[in-house]
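Presented below is the structure to which this report refers.
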Amino acid sequence: MKLDIQEIVKATGGRLLGDVINPVYITAISTDTRKIMTGSLFIPLAGVRVDGHDFIGQAAEKGAICALTEQESVANDMAVPLIYVKSTRRALMDLADYYRRKHDIKVVAITGSAGKTTTKDMVADILSYKYKTKRTIGNFNNDIGMPLSIFQLEADDEALVLEMGMNHANEIHELSLVGVPDIAVITHIGDAHIENFANREGILHAKLEIVDGLRADGLVVLNGDDPLLAGEIAAEKLRNFNVLFPSSPNIAEAEPIGFQETRCVFRWLDKEVRLTVPIPGSHMVMNALLATVVGLELGVSPEHITDAFKNFTPPEGRLNIFDLGDKTIIDDVYNANPASMLEAIRVLCRKTPENAHRRRVAILGDMNELGHVAEARHREVGEYARKSGVDLVVAIGELSKHMSGHMHFVVLDEALEVLSEIIQPDDIILVKGSRGMKLERIVQWMSQ
């Protein structure tokens, strides 16, 4: 990255405070003083508890050579040039928009109520066989994280895969206008973040905002098995775009191999792709199909797509299976919503000749942001777990009491105190809950 300070002023609609005699070139951008590199532009953001403006001086000491600010009065107190903007958060997006437009790249944008990060990584791995590819950092999928992912771009990059998340309407709209995708992918419409919407149709409308910045000749790839994505609301929104609906008929084979893998044969138009999905679950097969279609549409060969899945590493905390000798852990602690919870239980209850005799234990935490449907969805998960053959349901959290599990603990520490009495040798244990439940502590305890 190399941006002149005057470019930044123009891109953000800002105003330079003070004089800059010599050219100043920015080589990195940061919103976090803990990650400042020499030559950085520091963009201070105001949070609920902390205001980044209080750390401009610290950023300068660590190597920042310029900073944005919403406060004109601090100009004389700082050792670095300052650019005044009305909103540093808006300026971050505007600068990302400017920087992306400097690069001639293919952009793939991905959203959905579940499977965004995994599908993003699948697509990026596939495209890497044909294009020099960058991707969203981790799950940096909001109006702060997505710009930081865009700022990774280098002069010779050819493709960028962006994850776009939301919990309110209009968020993906703004992300799409900045990302300007060539291809937009929606994996699934479920209840995640439904507390901010009246129903799933509201979530559908919000997810469909991903096409608001789509190029006029862009392509939309939808999970054709999802009734909302295949329905009238989506059809009306997408009527001016070329839309593809990969679905179950395109999956010629999906054969589980042991406990974790699925051998698949996908057929898309005149091409056949044979691959092994190294993550359990039928939803992962669908995610792999969506990623495969994106790859084929962008000219990646079936053979290279096969190779991409041979080398694919699942994101941490997403149906990672660890065999520890005396027990097996299914680590799916990164987050939870009703659809992913049911799928994880299906994975837990998948039986093979080798594991059919083993006890199934589900340690399940609260699913947050479900609002008016929270009690019903937790109850449904508990009922599904018992009907599916889970031998022991351990529920943790205030909402999880509605799962009516065999055991319930209000807080995590209570469960940790008795886990040694609960877990038996040879158990297969699923650990899953929303991010705020911090159930990774259970995985860490069991892995010791």
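Reckoned from all heavy atoms, side chains included, excluding hydrogens, waters and symmetry mates. Nothing here was measured: the structure is a model prediction, and the numbers come from that model. The residues of the chain are indexed from 1 along the displayed sequence.
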Q: Of all the heavy-atom pairs spanning Leu95 and Ala11, show the shortest one and how long it is.
A: CD1-CB, 3.9 Å

Q) Would the number of heavy atoms belonging to other residues, nucleotides or ligands and lying under 6.0 Å from NZ of Lys327 be above 12? A) yes

(Q) How about CG on Asp104, more than 12 heavy atoms from neighbouring residues, nucleotides or ligands closer than 6.0 Å, or not? (A) no

Q.
Quick check: do Glu417 and Phe409 have side-chain heavy atoms less than 4.5 Å from each other?
A. no

Q.
Do Val381 and Ile345 have side chains that approach each other closer than 4.5 Å (heavy atoms only, starting at C-beta)?
A. yes

Q. Does the side chain of Met146 reach to within under 4.5 Å of the side chain of Glu174, using non-hydrogen atoms?
A. no

(Q) Within a 6.0 Å radius of atom CZ on Phe140, are there more than 12 heavy atoms belonging to other residues, nucleotides or ligands? (A) no

Q) Has Glu272 got more than 12 heavy atoms of other residues, nucleotides or ligands less than 6.0 Å from its CD? A) yes

Q. If you draw a 6.0 Å radius around NZ in Lys132, do more than 12 non-hydrogen atoms from other residues or ligands fall strictly inside?
A. yes

Q: Please examine the side chains of Arg386 and Ser404, heavy atoms only from C-beta on, and report whether any two atoms are closer than 4.5 Å.
A: yes

Q: Output yes when a side-chain donor or acceptor of Ser176 lies under 3.5 Å from a complementary backbone atom of Ile172, and no otherwise.
A: no

Q: Name all residues meeting the side chain to side chain contact (heavy atoms under 4.5 Å, CB included) criterion together with Val373; count only those two or more places apart in sequence or in a different chain, and write none if there are none.
A: Ile194, Leu370, Arg377

Q.
To check you understand the geometry: which heavy-atom pair defines the closest contact between His372 and Phe197, and what is its length?
A. CE1-O, 3.2 Å

Q | Val390 side chain near Cys349 side chain, heavy-atom distance below 4.5 Å | A | yes

Q. Do you know the tightest heavy-atom contact between Asn337 and Ser113?
A. ND2-O, 3.1 Å

